[in-house]
There are 2 protein chains.
Amino acid sequence: MAERKQYEELARQLGAIAAVRRDLGRTLPPEASPASVLVLALLHEYGEMRMGKLAELLAIDMSVTSRHVAYAADRGWIDRHPDPLDKRSRLLRISPRGDELLELVGTRYTEALATCLRDWSDEDLGSLIGLLARLRESFGDCRARAPQA
Amino acid sequence: MAERKQYEELARQLGAIAAVRRDLGRTLPPEASPASVLVLALLHEYGEMRMGKLAELLAIDMSVTSRHVAYAADRGWIDRHPDPLDKRSRLLRISPRGDELLELVGTRYTEALATCLRDWSDEDLGSLIGLLARLRESFGDCRARAPQA
DNA sequence: TATTGTTATACTCTATAACTATA
DNA sequence: TATAGTTATAGAGTATAACAATA
């Protein structure tokens, strides 16, 4: 159990970290929005899934997810085909062109981060990644437990 | 020097962490936007400053900063008074009402985080805060070095 | 002529609500 | 009647460019 001062400081850091996200976003190719890249990354990692599942992973409303998916599908980065088990749904899958884009984006990200973080050790970087993942998990559990508002 | 895989993973985590920011933002009082709260926090921590300095600390364009400051000033959270050394500038300072708001916001943040992160140790939380601060610093240096595009 | 700050405009991301098609 | 997804609309945040006042 931590102190109030620490919690306030974490909130501060999370607020300010948005600037880093913006910097990173500026390295993307013109049509690749940060949101669509995140969609592609999830489909690449977890494989085929439905809209609702994707929205849950993104932790954003399904209406918003729907727009991001439509955007990516219009550009040929995602294939949508009917779900044989439920005609209301479509199954989403990253396409070969989507994988190519993801590859390019990974290169851009790596270039930007390798420059800015060249004095970071492998170990520190790993710690940060692990703690961020855990933070997201903790909030995800919280969200799952308390959505009955 | 780290691996490409690690850099890609960090970018992923940073993209996804926005969901945590949104959750935290939802705990704020209606008029207190996350952006204005960040402005107040900086003025509280660093004291009186000019618009340009604040924009630099926020790492956002001065035009945007100007709007956030006007919003906060309209609500009495910030005092603006002429800079005696440069009549183009105004000095910004957090007001007593701004400090009150910051106090309330700190309480809300603490409640939310203490709930979601109750199984985190003091030490892990401290590590995360330290690594986030260092990440912002590394990007800040990068930005300061390469803006001559 | 350059700099500080403001305002106008446009674009991205998100949420709420209304709607459709199917379960 | 409930659920999966789409679309319309509104609000917050940011960037670019044009502008005013002062240095």
Side-chain angles (χ1 to χ4, degrees), chain A residues 14-39 49-75 78 80-92 143 147 149, chain B residues 14-39 49-75 78 80-92 143 147 149:
Chain A
L14 288 174
I17 214 70
V20 174
R21 288 192 66 212
R22 285 197 299 280
D23 282 340
L24 223 40
R26 275 186 265 271
T27 70
L28 294 176
E31 281 209 308
S33 66
S36 59
V37 167
L38 193 50
V39 164
M49 70 182 75
R50 317 203 313 183
M51 191 69 71
K53 176 66 178 173
L54 183 58
E56 188 190 321
L57 288 174
L58 289 167
I60 59 178
D61 193 87
M62 189 155 49
S63 67
V64 181
T65 306
S66 177
R67 294 242 313 250
H68 292 317
V69 166
Y71 180 91
D74 286 348
R75 280 153 188 78
I78 287 180
R80 290 187 284 195
H81 50 98
D83 182 344
L85 298 175
D86 185 341
K87 286 177 185 164
R88 294 172 303 181
S89 277
R90 284 190 286 186
L91 292 172
L92 312 174
R143 218 165 12 237
Chain B
L14 288 174
I17 214 71
V20 174
R21 287 193 67 212
R22 284 197 299 279
D23 283 340
L24 222 41
R26 275 186 263 271
T27 69
L28 294 176
E31 281 210 305
S33 66
S36 59
V37 167
L38 193 50
V39 164
M49 70 181 75
R50 317 201 317 182
M51 190 70 72
K53 175 67 177 172
L54 182 58
E56 188 191 321
L57 288 175
L58 288 167
I60 58 177
D61 193 87
M62 190 155 48
S63 67
V64 181
T65 306
S66 177
R67 294 240 314 249
H68 292 318
V69 165
Y71 180 91
D74 286 348
R75 280 151 189 80
I78 287 179
R80 291 188 282 195
H81 50 96
D83 183 343
L85 298 175
D86 185 340
K87 286 177 186 165
R88 292 172 303 182
S89 278
R90 284 190 286 185
L91 293 172
L92 311 174
R143 219 166 11 238

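Per chain, numbering begins at 1; letters A, B, ... match sequence-line order. Given the structure is predicted, the values throughout are model-derived calculations rather than measurements.
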Could you tell me the separation between the [atom1] atom of [X] and the [atom2] atom of [N], rounded to a whole number of Å?
X: B:Leu85; N: D:dT22; atom1: CG; atom2: C1'; result: 14 Å
X: A:Ile78; N: D:dG5; atom1: CD1; atom2: P; result: 13 Å
X: A:Lys87; N: D:dA2; atom1: NZ; atom2: P; result: 23 Å
X: B:Glu56; N: C:dT4; atom1: CD; atom2: C1'; result: 14 Å
X: A:Arg143; N: C:dA15; atom1: CZ; atom2: C1'; result: 15 Å
X: A:Asp86; N: C:dT20; atom1: CG; atom2: C1'; result: 14 Å

side-chain N/O [X] vs [N] OP1/OP2, d < 4.0 Å:
X: B:Arg90; N: C:dT4; answer: no
X: B:Ser89; N: C:dT4; answer: no
X: B:His68; N: D:dT14; answer: yes

Query - Sugar-phosphate, base or nothing in reach of A:Arg22, heavy atoms under 4.0 Å - result: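 The answer is sugar-phosphate, as A:Arg22 gets under 4.0 Å only of primed atoms, P, OP1 or OP2.
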Requested in this report: Determine the contact category for B:Arg26: base if any of its heavy atoms lies under 4.0 Å from a base atom, sugar-phosphate if only primed atoms, P, OP1 or OP2 are that close, otherwise nothing.
Outcome: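 If one applies the 4.0 Å heavy-atom cut-off, B:Arg26 turns out to touch the sugar-phosphate alone, with no base involved.
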Query raised in the report: Which comes earlier along DNA chain C counting from the 5' end, the contact point of A:Ser36 or that of B:Val64, where each point is its nearest nucleotide?
Result: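 Closest to the 5' end, via its nearest nucleotide, is B:Val64.
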Report task. Tell me which of A:Met62 and A:Pro34 sits closer to the 5' end of DNA chain C, going by the nucleotide each one is nearest to. Result -> A:Pro34
Query raised in the report: Which nucleotide in the list C:dA17, D:dA15, D:dA4 gets nearest to the side chain of A:Ser63?
Result: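 Nearest listed nucleotide: C:dA17.
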Requested in this report: Report the nucleotide, chosen from D:dT7, C:dT6, D:dT6, that has the shortest atom-to-atom distance to any side-chain atom of A:Arg80.
Outcome: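 From the listed options, D:dT6 comes nearest.
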